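Right, one structure below, let's go through it.
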Amino acid sequence: MVGAVAVTSGDIRLEVGIAKSRLAESLSLHSHSSWSLRVGSTKEAKMVPSLVAADAGKKPSGMVAASALPSSQGVAETAALGAPAVSLEKVVADSSELVASDGSGSVLKNGIEGIRDMARRQRTGSSPTTFSAKFVPFSPGQETDEEYSLDEVIYRSKTGMLLDVQHDMEALKRAGDGNYWKNLFDSRVGKTTWPYGSGVWSKKEWVLPEIDDDDIVSLFEGNSNLFWAERFGKEVLDMTDLWVKHCGISHTGSFKDLGMTVLVSQVNRLRRLGKPLLGVGCASTGDTSAALSAYCAATGIPALVFLPANKISIAQLVQPIANGALVLSMDTDFDGCMRLIRQVTSELPIYLANSLNSLRLEGQKTAAIEILQQFDWEVPDWVIVPGGNLGNIYAFYKGFYMCKELGLVDRMPRLVCAQAANANPLYRAFKNGWETFQPIKALPTFASAIQIGDPVSIDRAIYALSQADGIVEEATEQEIMDACAQADKSGMFTCPHTGVALVALQKLRQRGVIGRNDRTVVVSTAHGLKFTQSKVEYHSSGLPAITSQFANPPISVADDLDSIMDVLRQKLSLK
């Protein structure tokens, strides 16, 4: 599968070949290219990693000087799956049109310095970070000496447990108290300074502290809207302090961007370190594939996506296609896609991007920190999170926990995980007091991204909810669509997963568990524009087994004033 690695002074050559499996053959057919990774140096210029797709049967020759490369990071062009083959000679030719380096390492074009170059210049001569993180088995309360570098390609412990990213909390505490971290994070909000303009990378020291800024792949994700759901809270729930954290206001329209910037950045680092990674792959119910494909496309890393056929919206399907990913549509559900992608990533040098990979959660936890920032570091009473594969509920717990442990706040909110009744294995475990957990066969649900019956992060979720005095609730399909319609009429435009969380809130409010004046945050995980078809069918009363009691269809009217006035008098109660 992977050829020999020869290392000599100033010259490293790594040839990556793909096993002749059926998938590998399809990858080859899809890309119409062969792959080679070469690192070397010459007397004239320092050489950098170059991953080049050459025309089939044509052997690339020569090396490219860092100052001649078209990227300010000094990295060669990387061919994406499905993109036209790019020859080494073309890279050199294209790079000749760029302005050469000014001698300080910053590549300039038309005399203008890019933000990545500026950040590189500003940190020249600065001391290396004293912060660190590592993989450890996820085994709360159990002693273990098993640990791994984040630069290792590993997803589970020796005994098959999930891994967790463990930070050096003592080093973070030595850096400063809670006020130090609050002031640092607040100082970066809304800036374009690389990479801190991102809501994720503004907390870099708590995410991937050791990654070089040049390796970060960011679309300035995060910093999403936290808005007061005033009318919905007052009229539907009799609540005064209801808020919605709209993580769907992001580059690809979902919270998955928060985790994917971290994972793809680490893959970018690993490839620069010479790890023989062909690309990144995931199983997805829609949003994960959109985020993965976008971030891979942004830096030129091939992306492979396994999707369950006819189980995601067209808006979700078109995103990875448009971003150039290799998309395989399969006659199975998400759990089947997950099983297959795990088999593939164990056979081929493709990095697994699902939330089984704990790097994703490091980015997702920053949404919890953002909520505290947006409340001026006051802690809400409740945070309600939709749950499918269940990594996100643990990510929110971890973000709140780190803030409490490092002195930014003095308590944590109570957590609620909301599940669709058609895919509710966590709810069933909660109802039996966490005594047993049984995977189920998830049934179709409008909340398609959480249609998961065998969640990977079940242990993480149970731990988080146990530690945060948490609750699990469920929502039927009728309840989901009605909650979305009611929320939309108050000015929101919700995805069905947000509808699941709103139903959970309604039920807890009705039982008096959540009080009228409790500060409550509902996490909206995706943008409603990804799910317009179900909204159209609801408002046209076209959904089987669903009563559209809050439907608001358009009214057909003749094109004359009298007809229009008749309708207006009736609907507006005019005399």
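Here the structure is a predicted model, which means the values were calculated and not measured.
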Looking at residues at least two apart in the chain, or sitting in another chain, which of them share a ring pair (Phe, Tyr, Trp, His ring centres under 6.0 Å) with [X]?
{"X": "W206", "result": "W181, F185"}
{"X": "F396", "result": "none"}
{"X": "F135", "result": "none"}

Determine which pairs satisfy salt bridge (charged side-chain N to carboxylate O under 4.0 Å, His left out) with at least one residue from [range], sequence neighbours left out, and list them in order.
{"range": "residues 350-367", "answer": "E362-K365, E362-K398"}
{"range": "residues 183-198", "answer": "R188-E205"}
{"range": "residues 286-305", "answer": "D287-K530"}

Test side chain to side chain contact (heavy atoms under 4.5 Å, CB included) applied to S224 - qualifying residues, sequence neighbours left out: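 Checked S224 against side chain to side chain contact (heavy atoms under 4.5 Å, CB included); matches are K245, C247, E370.
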Who pairs with A309 by side chain to side chain contact (heavy atoms under 4.5 Å, CB included), at least two apart in sequence or on another chain?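 Expected list: S329.
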Testing the basics here: between V217 and T261, what is the closest heavy-atom pair and its distance to 0.1 Å?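 The answer is O-OG1, 2.6 Å.
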ring-ring contact (aromatic ring centres under 6.0 Å, His included) contacts in which one or both residues fall within residues 333-361, not counting sequence neighbours: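 Passing the test, one end in residues 333-361: Y155-Y351.
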Side-chain donor-acceptor pair under 3.5 Å between D151 and Q266, yes or no?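 Distance-only check passes for D151 and Q266.
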N225: side chain to side chain donor-acceptor pair (under 3.5 Å) partners, not counting sequence neighbours: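 By the side chain to side chain donor-acceptor pair (under 3.5 Å) rule, N225 matches no residue at all.
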Side chain to side chain donor-acceptor pair (under 3.5 Å) involving T366 - partner list, sequence neighbours excluded: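 Partners of T366 by the side chain to side chain donor-acceptor pair (under 3.5 Å) criterion come out as none, since no residue qualifies.
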Just wondering, are more than 12 heavy atoms of other shown residues or ligands nearer than 6.0 Å to NZ in K173?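 Correct, the count exceeds 12.
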Mind checking salt bridge (Lys or Arg N to Asp or Glu O under 4.0 Å) for D168 and listing every partner two or more places apart, or none if nothing turns up?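 Result, salt bridge (Lys or Arg N to Asp or Glu O under 4.0 Å) vs D168: none returned.
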